[in-house]
Amino acid sequence: AYKRFSELLPKEERENACSARVPKSQILTLPELRANPFQHRICRVFSTSDDGDDSMSFEDFLDMLSVFSDSATSDVKSHYAFRIFDFDDDGTLDRKDLEKLVNCLTGQGEDSRLSNAEMEQLIQNILEESDIDRDGTINLSEFQHIVSRSPDFARYSVLQ
């Protein structure tokens with residue numbers, strides 16, 4: 001992991017890789033993220049940057065690789081997937097988060113975008129299936145409950 005991290009840095013910074021931060025633009029070149037529709041959210045969730053630039057320290061990078069690892073538990077993967085899907089970082093998945101989630105998965109182009117009616121129906125179906133307390137949002141425990149009923153989640157999740 002250290003070798004991969006340091007290779008993302010300019011040559012002159014590699015000696016001090018432990019204290020360096022890799023810019024988001026370099027993190028996005030990783031094969032794990034290159035084609036991931038949530039690549040920007042993944043950088044946001046794992047970055048501890050105070051600047052809001054989504055750069056990563058070696059510890060951030062290690063955390064991200066650990067969650068992407070096959071040995072990460074379903075609970076760990078679902079926790080981070082929930083944070084990635086929580087676009088407004090408010091601790092719940094509401095209608096706006098779910099709409100952004102669907103748009104990321106289906107693509108932003110006119111050909112792949114759902115109609116308003118289709119989007120509304122899909123979000124309604126998701127909430128009916130997942131919103132156990134019927135408050136109009138999905139919290140972490142509701143999300144993890146749904147994931148626990150999906151044995152393929154860890155294999156096919158956004159964190160693969």
Side-chain angles (χ1 to χ4, degrees), residues 21-160:
R21 295 192 72 83
V22 171
K24 177 182 174 179
S25 60
Q26 284 300 107
I27 298 294
L28 293 177
T29 66
L30 293 168
E32 295 91 338
L33 295 180
R34 204 174 296 138
N36 192 311
F38 300 97
Q39 58 183 216
H40 297 287
R41 282 295 301 161
I42 290 169
C43 288
R44 169 65 43 94
V45 166
F46 285 98
S47 173
T48 58
S49 171
D50 292 332
D51 299 336
D53 62 2
D54 299 339
S55 64
M56 288 191 191
S57 67
F58 177 63
E59 290 79 16
D60 298 339
F61 185 75
L62 203 52
D63 287 346
M64 181 183 71
L65 289 185
S66 295
V67 173
F68 273 88
S69 161
D70 289 339
S71 60
T73 66
S74 181
D75 277 352
V76 168
K77 285 186 181 286
S78 64
H79 171 81
Y80 279 96
F82 181 85
R83 288 188 57 204
I84 290 164
F85 300 158
D86 182 14
F87 289 90
D88 58 9
D89 298 316
D90 68 352
T92 63
L93 304 183
D94 60 18
R95 289 179 170 276
K96 287 184 180 179
D97 291 320
L98 294 173
E99 186 173 336
K100 286 182 180 182
L101 169 61
V102 170
N103 283 335
C104 280
L105 291 172
T106 60
Q108 299 292 329
E110 289 298 318
D111 299 347
S112 58
R113 179 163 273 163
L114 297 180
S115 71
N116 289 343
E118 291 169 326
M119 179 68 78
E120 183 55 37
Q121 184 61 57
L122 181 55
I123 290 172
Q124 190 59 39
N125 292 347
I126 292 169
L127 289 171
E128 282 175 18
E129 181 75 24
S130 309
D131 182 15
I132 297 167
D133 63 9
R134 301 290 178 230
D135 67 350
T137 65
I138 301 167
N139 62 37
L140 178 59
S141 63
E142 291 168 331
F143 183 79
Q144 288 182 319
H145 176 73
I146 293 298
V147 167
S148 72
R149 295 176 20 204
S150 306
D152 289 336
F153 174 79
R155 190 173 21 185
Y156 299 112
S157 80
V158 65
L159 300 170
Q160 222 23 292

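Keep in mind that what you see is a predicted model, and the values were worked out from it rather than measured.
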Exercise. Are Asp86 and Arg44 close enough for a salt bridge, meaning some N to O gap below 4.0 Å?
Worked result: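 Salt bridge between Asp86 and Arg44, a charged N being under 4.0 Å from a carboxylate O: no.
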Exercise. Does the pair Lys100/Asp88 count as a salt bridge with the N-to-O cut at 4.0 Å?
Worked result: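 No, Lys100 and Asp88 are not salt-bridged.
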To the nearest 0.5 Å, how far apart are [atom1] in [X] and [atom2] in [Y]?
X      : Y      : atom1 : atom2 : result
Met119 : Leu122 : CE    : CG    : 7.0 Å
Leu28  : Gln39  : CG    : CD    : 4.5 Å
Cys43  : Gln26  : SG    : CD    : 11.0 Å
Leu30  : Phe68  : CG    : CZ    : 9.0 Å
Asn36  : Ile84  : CG    : CD1   : 7.5 Å
Lys24  : Ser47  : NZ    : OG    : 9.5 Å

What is the minimum heavy-atom distance between [X] and [Y], and which atoms define it?
X      : Y      : value
Leu65  : Glu32  : CD2-OE2, 4.2 Å
Asp131 : Gly136 : OD2-N, 2.7 Å
Ser57  : Arg21  : CB-NH1, 3.6 Å
Ile123 : Arg95  : CG2-NH1, 3.4 Å
Met56  : Ile42  : CE-O, 4.4 Å
Ser78  : Leu140 : O-CD1, 4.4 Å

Exercise. For Gln121 and Asn125, what are the C-alpha separation, side-chain angles and deciding distance, and is it a side-chain hydrogen bond (donor to acceptor under 3.5 Å, both in side chains)?
Worked result: CA-CA 6 Å; Gln121 184 61 57; Asn125 292 347; 2.8 Å; yes
Problem set entry | Verdict with reasoning, Thr73 to Asp75, per side-chain hydrogen bond (donor to acceptor under 3.5 Å, both in side chains) | CA-CA 5 Å; Thr73 66; Asp75 277 352; 5.5 Å; no
Problem set entry | Sub-4.5 Å side-chain heavy-atom contact between Leu105 and Phe38 |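 A side-chain contact under 4.5 Å exists here.
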Exercise. Within 45° of the six-membered ring axis of Phe87 and under 6.0 Å from that ring's centre, is NZ or CZ of Arg41 located there?
Worked result: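 Because its charged atom sits under 6.0 Å from the ring centre and within 45° of the axis, Arg41 does stack over Phe87.
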Without hydrogens or angle criteria, can the side chains of [X] and [Y] be said to hold a donor-acceptor pair below 3.5 Å?
X      : Y      : value
Ser141 : Asn139 : yes
Ser66  : Asp63  : no
Ser55  : Asp53  : yes

Exercise. How are the rings of Phe143 and Phe85 set relative to one another: parallel (under 30°), tilted (30 to 60°) or perpendicular (over 60°)?
Worked result: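 Because their plane-to-plane angle is over 60°, the rings of Phe143 and Phe85 count as perpendicular.
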For this session: Without swapping roles, check the side chain of Arg134 against the backbone of Glu128 for a donor-acceptor pair under 3.5 Å.
Result: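 Judged by distance alone, yes, a pair lies under 3.5 Å.
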Exercise. For the side chain of Lys77 and the backbone of Ser69, is there at least one donor-acceptor N/O pair under 3.5 Å apart?
Worked result: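 Side chain of Lys77 to backbone of Ser69: a pair is present.
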For this session: Begin from the C-alpha positions of Ile27 and Phe46 and carry the test side-chain contact (heavy atoms from CB on, under 4.5 Å) through to its verdict.
Result: CA-CA 11 Å; Ile27 298 294; Phe46 285 98; over 6 Å; no
For this session: Would you check, one step at a time, whether the test side-chain contact (heavy atoms from CB on, under 4.5 Å) holds for Arg113 with Thr106?
Result: CA-CA 7 Å; Arg113 179 163 273 163; Thr106 60; 6.0 Å; no
For this session: Under the side-chain contact (heavy atoms from CB on, under 4.5 Å) rule, what do Ile126 and Leu93 come out as? Steps first, then yes or no, please.
Result: CA-CA 11 Å; Ile126 292 169; Leu93 304 183; over 6 Å; no
For this session: Under the side-chain contact (heavy atoms from CB on, under 4.5 Å) rule, what do Ile146 and Ile138 come out as? Steps first, then yes or no, please.
Result: CA-CA 10 Å; Ile146 293 298; Ile138 301 167; over 6 Å; no
